[in-house]
Amino acid sequence: MRISVTTLVAVALLMLASNVNAQQEDVKIGKQNIAMKDGRMTPEALWAMGRIGGYSASPDGQKIVYQVGYYSVKANKSQQKICIINSDGTGQTTLTTGTKSETDATWLDAQTIAFQTGGEIWSMKADGSDRRQLTKTDGQVEGFKFSPDRKKVIILKSIPFHEIIKENPKDLPKATGRLVTDLMYRHWDHYVESIQHPFVGAVSDDGTVGELTDILEGEPYECPMEPFGGIEQLDWSTDSKQIAYTCRKKTGLSYSISTDSDIYLYDTDTHQTRNLCKPEGYVEPQIDPTTSMKYQKVNAEENLKNNVGYDQNPKFSPDGKYVAWLSMERDGYEADRQRLCCYDLTTGEKKYLTESFDSNVDDFVWSDTKDAMIYFIGVWHATENLYAISWKGEVKQLTDTWTDFGSLQLMNNRKQLVMERHCYTAPADLYIVTPNFKKPEKTTVSQLTFENKHILDQLGKPTVQQRWVKTTDGKDMLTWIILPPNFDETKKYPTLLFCEGGPQSPVSQFWSYRWNFMIMASQGYVIVAPNRRGLPGFGQEWLEEISGDWTGQCMKDYLAAIDDAANSLPYVDKDRLGAVGASFGGFSVYYLAGHHEKRFKCFIAHDGAFNLASMYLETEENWFSNWEYDEAYWHRPQLPNAKKTYHDSPHKYVENWDTPILCIHGEKDYRICYTQGMQAFNAARMKGLEAQLLIFPDENHWVLKPQNGILWQRTYFNWLDRWLK
């Protein structure tokens, strides 16, 4: 299922950083100088790569400070380091020299960098010298953002939360039981016994931070929002007097069925807060918690007026007159189109800027040039490119490459952008982009960092192709074809159908450290990756055809893609086909296992839903199941889509299973519980089928630990090689 309203890359980096912070940091880990024998990508090479994270341009635009994560498989640990480079690409230096991770580097002035290590904020000079600790919170800092005048700072800290899970009696210190009184008692991979709050502290002349004030004092709500929100969900006004923040002010059952978050404005002088999304006096409607919001709230005008969907990531305009944020229209629909909403702080008027862009805005930044008002990135036709919108509402595409831009930041000269970019054949690097709104074809993109060049130069490069396939209902579907390095068109290759998760996540030019197309191709496989029904980047109508119809046209799209490849591409061996996928992709594999009519020789499903009736009550974010299934399974009479959804659940077609299957799951996956994978494996073995279960007691919906990652890759390819080679 769709796991975030941000890009997949941003989410992956956030989760990797969280995993790092939880580890002991007593091993110095640096750049890996791995030597490749035959030019073929291996799991070890994948984990030897440095992973670029956050970055920040200096106030004078001369330097970029950025974060890189390095991993040691032997130590099963990782370390985040801070690096710096001149904006012309020269002078690259690693500033972190010790064994502790250092993260979240940002500039205090043209010569001073603030960063986080050991749960505290520190500062250093741009050459790494003069390190000073600015906070003393007993290691509680989890994120920070300084005000523009550098006289205040927002600090994220966790506070105890026992509204849903009651605190155990003091005289039972060794009791491990949890008394749960309402829903949302766990999220993603943890039980909710603490929540984050933003605190504000004054910064003295010497840079140290004074007493902190909780801006949500006494409120039982999280900010940023679980499970992936960070400091990007808050922003300072240009005059450093106000804070815009994201919050969903709900708990328990109401939280678990609603995506209705809002943008609030907090005054640091008066401590007053106002809601920018809801009109004064707004009364939340009564709803049925077991039925999709799409049947209860159908008034689009009221939805937009009241901002009842996801609203997050506010950013003030350079002149301080506006706040813009990412906004979804409908409550309960986590994959709704993400628009740019602009709020006039003087008049209170709200305006939706990107209505002509029929896809998601994934990240954005203000510009104060006379031509472009806001730069943003969004997915269209399976690539994530740079766009701009003018003050007149005109949207223009500024880059057009087979790559994905994952984030962007405006340089202080206001004429250039620093952006992170990646693709199927290259992990993340930083780029300097000089946009040209009047003549988009004149926009220039130049690579700034070459973090993994020493490894990539040793590897054979797969060939990436686009192929438009006719679906069974006569539509055109974009499908990526990835061919092995040193491809020989006279040979026949084993071929994999890749089934995407989400279910509304794009099959764009992502780089994954698990579902990595380059390593799959390097192991001698052709990959067929269709942008089937339900994926963004092809208009909202295409996207929404999946909700309430998980086993309909989207499954026909999968089969259309693999049938086209098997029948039209001479190098695809139709007798050696496999289907693989995770999350909704894992569900797809389980479903196809009962409906593939002997097309495939093996399957791999990671963290997939198997029994939809049990998953309806097992998953933590109940709004998801309500929207995607239409309603609870016990409703009578049942809505048509709900009836079809539960009837077509993969577990009801095990009688048709006839093909070897590998099931993978993490026991800390609370989005799709590990029991789903166990059920599928048990069913396969009781059917007498060849099957394996790879289960991780310490992993969630992803696999984040180095040795677990290597084990995942080896198990994955051993299974494929066994049946397809």
Side-chain angles (χ1 to χ4, degrees), residues 106 108 114 121 134-135 137 140-159 195-205 207-225 229-250 260-282 284 305-307 310-327 340-351 364-366 368:
T106 189
L108 293 176
I121 304 174
L134 305 184
T135 59
T137 66
Q140 297 181 53
V141 175
E142 297 170 351
F144 67 92
K145 182 175 284 189
F146 282 87
S147 59
D149 64 7
R150 307 304 183 197
K151 295 182 179 180
K152 305 184 189 77
V153 63
I154 300 169
I155 291 178
L156 302 181
K157 290 172 49 180
S158 288
I159 63 171
I195 57 175
Q196 279 191 334
H197 269 199
F199 293 74
V200 177
V203 180
S204 64
D205 291 340
T208 57
V209 179
E211 185 177 350
L212 301 177
T213 300
D214 185 350
I215 71 174
L216 268 71
E217 179 68 37
E219 296 188 51
Y221 313 117
E222 64 193 20
C223 175
M225 296 189 301
I231 199 65
E232 76 283 349
Q233 293 194 350
L234 301 95
D235 196 37
W236 281 100
S237 62
T238 52
D239 62 6
S240 302
K241 294 181 178 180
Q242 295 180 310
I243 297 169
Y245 68 87
T246 307
C247 192
R248 178 168 43 198
K249 298 200 171 183
K250 303 174 186 290
D260 184 9
S261 59
D262 292 322
I263 306 300
Y264 294 85
L265 197 64
Y266 173 82
D267 191 296
T268 59
D269 292 331
T270 66
H271 307 296
Q272 297 298 306
T273 300
R274 63 187 175 107
N275 190 331
L276 302 186
C277 292
K278 302 285 193 295
E280 190 173 349
Y282 172 77
E284 189 166 316
K305 175 183 175 183
N306 299 321
N307 290 77
Y310 265 131
D311 292 278
Q312 59 181 330
N313 299 10
K315 295 182 182 181
F316 285 89
S317 62
D319 59 11
K321 296 180 180 179
Y322 305 94
V323 179
W325 64 80
L326 303 177
S327 179
L340 265 179
C341 181
C342 185
Y343 183 92
D344 189 317
L345 290 166
T346 301
T347 66
E349 178 186 5
K350 284 185 296 190
K351 183 177 181 181
F364 73 97
V365 65
W366 283 91
D368 59 0

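Side-chain atoms are counted along with the backbone in the values below, which use heavy atoms only and exclude waters and symmetry mates.
Residues meeting the salt bridge (charged side-chain N to carboxylate O under 4.0 Å, His left out) test with Lys278, sequence neighbours left out: Asp260, Asp262. Taking Tyr343 as the reference, nothing meets the ring-ring contact (aromatic ring centres under 6.0 Å, His included) condition, with sequence neighbours excluded. In this structure, the salt bridge (charged side-chain N to carboxylate O under 4.0 Å, His left out) partners of Lys315, at least two apart in sequence or on a different chain, are Asp363.
In this structure, His271 and Tyr266 have tilted ring planes: the angle between them lies in the 30° to 60° band.
Here Asp267 does not pair with Arg274 in a salt bridge; the nearest charged N to carboxylate O distance is not below 4.0 Å.
Here the rule is side chain to side chain contact (heavy atoms under 4.5 Å, CB included) with Leu265, and of Leu345, Ile243, Asn275 only Leu345 fits it. Between Ser327 and the options Cys342, Cys341, Ser261, a side chain to side chain contact (heavy atoms under 4.5 Å, CB included) holds for only Cys341.
In this structure, a donor-acceptor pair under 3.5 Å is absent between the side chains of Trp325 and Asn313. In this structure, a donor-acceptor pair under 3.5 Å is absent between the side chains of Ser158 and Gln140. For the 3.5 Å distance criterion, the side chains of Glu222 and Gln196 fail to qualify, holding no donor opposite an acceptor.
The two residues Arg150 and Phe146 come nearest to each other via the heavy atoms NH1-CB, 3.4 Å.
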Mind running side chain to side chain contact (heavy atoms under 4.5 Å, CB included) on Lys321 and Thr346 for me, showing each step along the way? CA-CA 7 Å; Lys321 296 180 180 179; Thr346 301; 5.6 Å; no
